[in-house]
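Within every chain, numbering begins at 1; the chains are lettered A, B, ... in the order of the sequence lines, protein sequences first and strands thereafter.
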2 protein chains.
Amino acid sequence: MTAPTGRRERKKAATRQKIADTALRLFLARGYDTVGIREVAAEADVAVTTVFAHFASKEALVFEQDQDFEQRLARAVTDRAPHEPLIPALRREVLALVHHCTADGAAPVRQLIEGTPALREYEESMRLRHAESLAVAIAADPELPQSTTACRTIARFAIDAYTLACEAADPQAAVDEIFRMIEAAWEVACPPPHA
Amino acid sequence: MTAPTGRRERKKAATRQKIADTALRLFLARGYDTVGIREVAAEADVAVTTVFAHFASKEALVFEQDQDFEQRLARAVTDRAPHEPLIPALRREVLALVHHCTADGAAPVRQLIEGTPALREYEESMRLRHAESLAVAIAADPELPQSTTACRTIARFAIDAYTLACEAADPQAAVDEIFRMIEAAWEVACPPPHA
DNA sequence: ACCGTAACACTAACGGTTAGCTTTTCAAAA
DNA sequence: TTTTGAAAAGCTAACCGTTAGTGTTACGGT
């Protein structure tokens with residue numbers, strides 16, 4: 001179902017990839033702030049306007065892989081097994097995402113992001129957008145008839161868990177600890193019928 | 001105790017105030033994005049460089065009043081009565097801050113912020129800085145010997161409460177609802193000795 | 001073979017921000 | 001009072017991310 005990719009789409013994808021690779025290479029080698037867009041474009045042998053045709057901003061060049069982050073969280077909620085409780089499903093997905101971003105291969109990029117304020121800000125803005133769409137997914141669940149505020153709250157808490165766990169010394173333990181807190185918060189907002 | 005303010009400091013403060021007032025007036029009248037820094041400077045009758053000598057960025061012009069937000073949260077923790085539990089003290093302060101920012105007088109400015117993506121982003125970045133310093137204040141409390149992760153988690157939750165409550169239809173009710181959740185989360189992270 | 005259009009290039013500009021340097025203005029030492 | 005040091009403000013010119021305007025090329029469907 002990947003469709004017969006024509007030469008056109010292949011070339012486009014290649015250009016995009018070349019830009020992203022070049023940018024990341026230069027950023028890692030010499031630092032994000034000291035490498036300009038004009039230089040990235042020159043090194044990738046494309047026009048500056050082409051860079052912005054493929055990426056919405058300079059920061060977006062660094063977060064090329066994380067496109068599906070948003071969808072994965074929402075789907076963890078909407079596609080979970082019938083009658084499966086919300087929080088454990090959320091916890092599982094957050095843990096997977098944390099593992100993905102603390103993997104050994106991602107270390108240099110993580111370091112680049114952590115050491116560049118502009119990138120940290122950009123990432124946090126992304127996360128907040130993710131929280132909003134997660135809140136919508138939670139609110140849309142017919143099995144959970146609670147307030148909009150509670151949905152948005154839990155969504156933000158989950159994003160907080162992800163962010164904090166990524167920075168923690170022991171990410172796995174951090175996810176466990178924070179989700180114990182989230183579980184308690186959720187039970188207060190939406191008391192289960194079992195008790 | 002305001003000290004004998006010399007002419008110099010008075011003039012400096014006056015310049016700063018004039019810039020901030022002019023900027024806010026123009027932004028409210030014609031929109032944030034359509035008013036340039038050069039125009040603000042001209043209207044305030046100062047040089048562009050002077051604007052940036054007083055404010056770190058264009059966005060900072062809008063958040064002139066909120067300087068002490070950060071301190072107030074930290075102090076609500078450090079200066080609370082001996083043996084007073086953490087969460088109620090935090091709740092009280094957050095509620096006060098929410099009231100302050102949803103007051104009638106602040107309505108036009110809030111509307112300006114909500115309607116300008118650049119300002120929303122900037123505000124969120126501020127909040128995260130506030131969360132960090134709040135986390136430090138919580139971690140420094142000798143009565144609460146728990147993990148760094150728990151401190152940072154609660155700090156972010158409190159900031160989330162502020163943000164969500166400011167946007168909610170009924171801010172007071174939102175603070176109540178969210179802090180019930182936070183209370184539960186805190187008790188799991190730091191079980192009180194009473195039970 | 002032809003045409004519509006998506007992808008890309010080029011130039012020039014806009015707006016936020018900063019560096020470098022000069023001028024003004026206050027405060028306190030001399 | 002006069003001198004002097006420094007903070008505050010000004011001016012110019014630029015840097016950098018980003019966008020608009022305008023072509024040009026190369027592909028894909030007819």
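Residue contacts shown for A/D45 are limited to sugar-phosphate atoms, with no base heavy atom under 4.0 Å away. A/V51 comes within contact range of no nucleotide atom at all, as no heavy-atom separation falls under 4.0 Å. Residue contacts for B/R8: at a heavy-atom cut-off of 4.0 Å it reaches a base atom on one of the strands shown. If you check every strand for non-hydrogen atoms under 4.0 Å, B/V46 touches sugar and phosphate atoms only.
With hydrogens and angles ignored, the 3.5 Å screen pairs a side-chain donor or acceptor of B/R16 with a backbone N or O of B/H54. A donor-acceptor contact shorter than 3.5 Å links the side chain of A/S147 to the backbone of A/A150. With hydrogens and angles ignored, the 3.5 Å screen pairs a side-chain donor or acceptor of A/R80 with a backbone N or O of A/V77.
Aromatic ring orientation, A/F157 versus B/F157: parallel (interplanar angle below 30°, classes split at 30° and 60°).
To the nearest angstrom, C1' of C/dG16 lies 9 Å from CD of B/E59. To the nearest angstrom, P of C/dC10 lies 16 Å from CZ of A/F52. For the pair A/Y32 OH and D/dC16 C1', the computed distance is 11 Å after rounding to whole Å. Distance B/I19 CD1 to D/dG10 P: 8 Å, rounded to the nearest Å. In this structure, A/E9 places its CD atom 12 Å from P of C/dA6, rounding to the nearest Å. Put simply, NZ on B/K18 is 15 Å from C1' on D/dA8, counting in whole angstrom units. Between A/R7 atom CZ and C/dA6 atom P the separation is 18 Å, expressed in whole Å. In this entry the distance linking CD1 of A/I37 with P of C/dC14 reads 21 Å, nearest Å.
In terms of position on DNA chain D, the residue among B/R38 and B/R16 whose nearest nucleotide sits closer to the 5' end is B/R16. Judged by closest nucleotide on DNA chain C, A/A53 is the one of B/A56 and A/A53 placed further toward the 5' end.
Shown are A/L28, A/T22, A/L26, A/L61; of these, the side chain to side chain contact (heavy atoms under 4.5 Å, CB included) with A/V35 is made only by A/L26.
For D/dA9, one of the phosphate oxygens OP1 or OP2 lies less than 4.0 angstrom from a side-chain nitrogen or oxygen of B/H54.
Distances from the side chain of A/T49 to the nucleotides D/dG10, D/dT19, D/dG17 place D/dT19 closest. Distance from the side chain of B/K11 is smallest for C/dC26 among the nucleotides C/dC26, C/dT17, D/dT18.
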